[in-house]
Structure formats: C-alpha cells, structure tokens
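Only one structure is covered here, and it is reproduced in the block below.
All residue numbers refer to positions in the sequence shown, counting from 1. Just follow the structure's listing: the first ligand is 1, and inside any ligand the first atom is 1.
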Amino acid sequence: MKFNTKTIHGGQSPDKAYGSVMPPIYQTSTYAQTTPGGHKGYEYSRTHNPTRHALEQSFASIENGNFGLAFGSGLAAIDAIIKLLQPGDEVISTNDLYGGTYRLFTKVFEKFQIKFHFVGMENVKQIEHHINAKTKLIWVETPTNPMLNIIDIKAVANVAQQHKILLAVDNTFATPYLQQPLDLGADIVMHSATKYLGGHSDVVMGALVVKDKALAEQLYFIQNASGAVCGPQDSFLVLRGIKTLHIRMQRHCENGKAVAEFLATHPKVETVYWPGLESHPNHDIAVEQMNDFGGMLSFTTKGNNYEEAIKVVERLKIFTLAESLGGVESLAGHPASMTHASIPKEEREKTGVVDSLIRLSVGIEDQHDLIEDLKQALNR
Ligand SMILES: *Cc1c(COP(=O)(O)O)cnc(C)c1O
C-alpha cells in the first residue's frame, strides 16, 4: 500500500458490530466479561480501547512500523520513552529542540539521575564525542524547532547501531508524508499528534511507533503502568485527521515554499530558515532525506529588535498569534517570548533563537492572502 492510501485505510477494517466505516467512539471504561477473564480482548480502557486501537494501527501503518501507541500528549509519549532508562543512563539529544521536551529532560528526568547532553547534530561527529558506556538513547528532532536545521537520520542511525544505542526521532514537524525515520534506521518514532497528524488544532495527543516487538512490549507496559493514555473521542478525531494528512501536507509544502520565497526577497527580512531554500545550510540533506520541505519556517527581521518582532506578529491578521503548529490555519509565534521562554536566553541564543526570530506554521489557506498578510505586517 502506498502512503496516500495508508493514511485512509492503513490498519483499518470496518467495525465488526454493524460494519461502520469509521470505528465507533467506544466511550467506555470497562467491558462485560462472561466469566472471570472471559472477554473479547478488552478489559479496561487504560489498557485497551477499540477506538484507540484503531488509531494505534493507523499510526503504525503510516510510519512503516509494526506497533503504534497513543498517549494523552506528545510529552506523555516522550515521558514513556525516557522511562525505558535507568538512573545513571545518559542521553544525547539534539540541542535545538521543542522547549517542552527540554523542560521534561532537564527539570523532571535529571532529578532521577538521567544525564542529558545537548548537541548540535548537523555534524554527526559531535554525537560520537559524547558516547560512553552509559549512553542508552539518542534523541533526534529534525527539522529542529524553531531553527529548521536538518539532521541526517541515516548517519545518526549508523552511529547508534554501531554502539547499540536506541535512536528515537521526534517526527512531529516532518510527518511521515515527508520522512519515515524507521526506514532510515531509527528504533522509535515519536509524534505530537496535536500538530499535523490531528491537523485541526482541536486535540492534544502523542504517538509512538516501533518495529521491534520486544521494544513495543516494554513501551506498552509503561503506557499501561503509567497510564498517560488518550480518550476515545480524541482517538476518533486524530484518526479522522490522518485521513487527509497527505493532501494537507501537499498544500502546507506548496504554501511554505511560496511564503519562504516571498520572505527571502523582502527588504526588512534578514534570514529565512526553510530547508527547501538552496541557501539553507542543510539543504542537501533535506533533499536526500525528505520528500518535500514542509510548512514550518522561521525568519529574523533586520536589526534583531525584540519589540519590532513582537509588533510584526501582533499586526498579522490571517496568521493567528498562537503556540502550536500543524493545523489547517496559519499560526505565527515569537519563540523567545513564547515556546522557548523556558530555555535560558544564553542557551537559546547559542542555537539561533534570537530576539527577532519569528516562527510560522504555514496553513492551507490561499497563499496570496498569506503573503499579503505578511506584507502588511512587515511594511507598516
Ligand atoms: C508540540 C510538540 C511536542 C509536545 O507535544 P504535546 O502534544 O504538546 O505534548 C513535542 N515535540 C514537538 C516537535 C512539538 O512540536
């Protein structure tokens, strides 16, 4: 099955009761048993739920994995991965990453004696430098947030395999429409399904997909034991979202390109970060690794003025000033004061998150309206 068919049919079959094409929202916590232990595969909804199961099958299908797991948020999914580790273990992580992931690693898990090294992974040698006998996990986010750096997943996977270290990839920005990390050698692919997979800014959810059965069993154990699952209603919504993932992504990419090219020639814009531009430092890897370049981009305005950047995002009318990304509607954000405010200024500036940086999640509206909106906000 090809990707554009998997989004609609992957892992799905009509419901057994009445043949409903979409799985019903099984809004139940428990299931009747005929005799103790005599049930139809479902006992309690933290452990299993048919609507969630249908979604988990879809996750596995679109990411070319064998097992999918749905969580109550992207961070709950990351939390489950880190719980595979023991005190004393070390993790090598991308340095330019989602602020909430950084917070979870440093503010929650460092307390449990797990050590994190934050490393610029555009040069894979930087990773090898930090590997020792305690290294158990490499955490990759690509494209990175918000700088849109591209990390060579296959090259990192080679290093991870050589040293028998797990490799997890946060595929939230790219989605499997653009890249499939398991096929490039990753062990775990993670999503904030809140973003493109859900696609309509109406659900918070996380996903994991793996190929290996033993690893899947460990993660299912943690999912059930820790209990950060999502509900059936949200499972239904994300399953519906995934059915249009491919056509939404196609338009996100087209609009992303139009907006990036417009900004790149605008006199008030200093730098545009979008992996599809030839000027992008990792453009070559992006061409090799990704099917297209996505709808996420960042740019800085000339003079690097904090107040001016805030004014630009406030003047936007079609782009909504909001956290999050990946929905049908275009959003704009100011990382230094919003998504990345939890990262110390000194740390964030090291990775390029300067005061004038503006991040756009380009939606699927008419691209002319989007460009007009940016024009009026920049020119005023
Ligand atoms: C949003 C996001 C997360 C966290 O997901 P939640 O669903 O908000 O918990 C993790 N990684 C990336 C890249 C994200 O954009």
May I have the step-by-step check of side-chain contact (heavy atoms from CB on, under 4.5 Å) for Thr94 and Thr142, ending in yes or no? CA-CA 9 Å; Thr94 305; Thr142 181; over 6 Å; no
Checking contacts here: is it the side chain or the backbone of Asn145 that comes within 4.0 Å of ligand 1, counting heavy atoms only? Could be both or neither. neither
Numbering as shown, the atoms of ligand 1 that approach Leu325 to under 4.0 Å (heavy-atom distance): 15 (O)
Taking non-hydrogen atoms only, is Thr194 closer than 4.0 angstrom to ligand 1 via side chain, backbone, both or neither? side chain
Who's the nearest protein heavy-atom neighbour of atom 8 (O) of ligand 1, and how far? Tyr98 OH, 3.8 Å
Any carboxylate oxygen within less than 4.0 angstrom of a Lys/Arg side-chain nitrogen, looking at Lys350 and Glu346? no
Considering only heavy atoms, does Met205 approach ligand 1 within less than 4.0 Å through its side chain, its backbone, both, or neither? backbone
For Trp139 and Phe105, take the angle between the two ring planes, folded into 0 to 90°, and tell me which bin it lands in: parallel under 30, tilted 30 to 60, perpendicular over 60. perpendicular
Assess Leu97 for proximity to ligand 1: is some non-hydrogen atom of it under 4.0 Å away? no
Indicate yes or no: does Lys375 engage Glu372 in a salt bridge with an N to O separation below 4.0 Å. yes
Output yes when Lys311 and Glu307 qualify as a salt bridge under the 4.0 Å nitrogen-oxygen rule, no when they do not. no
Is any side-chain N of the basic residue among Asp183 and Lys211 closer than 4.0 Å to the acidic one's carboxylate O? yes
Would you say Ile78 and ligand 1 have an N/O pair spaced under 3.5 Å apart? no
Do the rings of Phe109 and Phe112 sit parallel, tilted or perpendicular, given the 30° and 60° boundaries? tilted
Show the atoms of ligand 1 that are less than 4.0 angstrom away from any heavy atom in Ser73. 7 (O), 9 (O)
Ligand 1 to Glu141, heavy atom cutoff 4.0 Å, flagged ligand atoms 13 (C)
Sub-3.5 Å N/O-N/O distance, Ser192 and ligand 1: yes
With Lys195 as the cation and Tyr98 as the aromatic partner, state whether NZ or CZ is under 6.0 Å from the six-membered ring centre and within 45° of the axis. yes
So the atoms of ligand 1 within less than 4.0 Å of a heavy atom of Asp170 turn out to be 10 (C), 11 (N), 12 (C), 13 (C)
Shortest protein heavy-atom distance from atom 1 (C) of ligand 1, along with the residue and atom involved: Lys195 NZ, 1.4 Å
Between Asp366 and Arg251, is there a salt bridge with N-O shorter than 4.0 Å? no
What I want to know is whether Leu75 and ligand 1 share at least one N or O pair that is separated by under 3.5 angstrom. yes
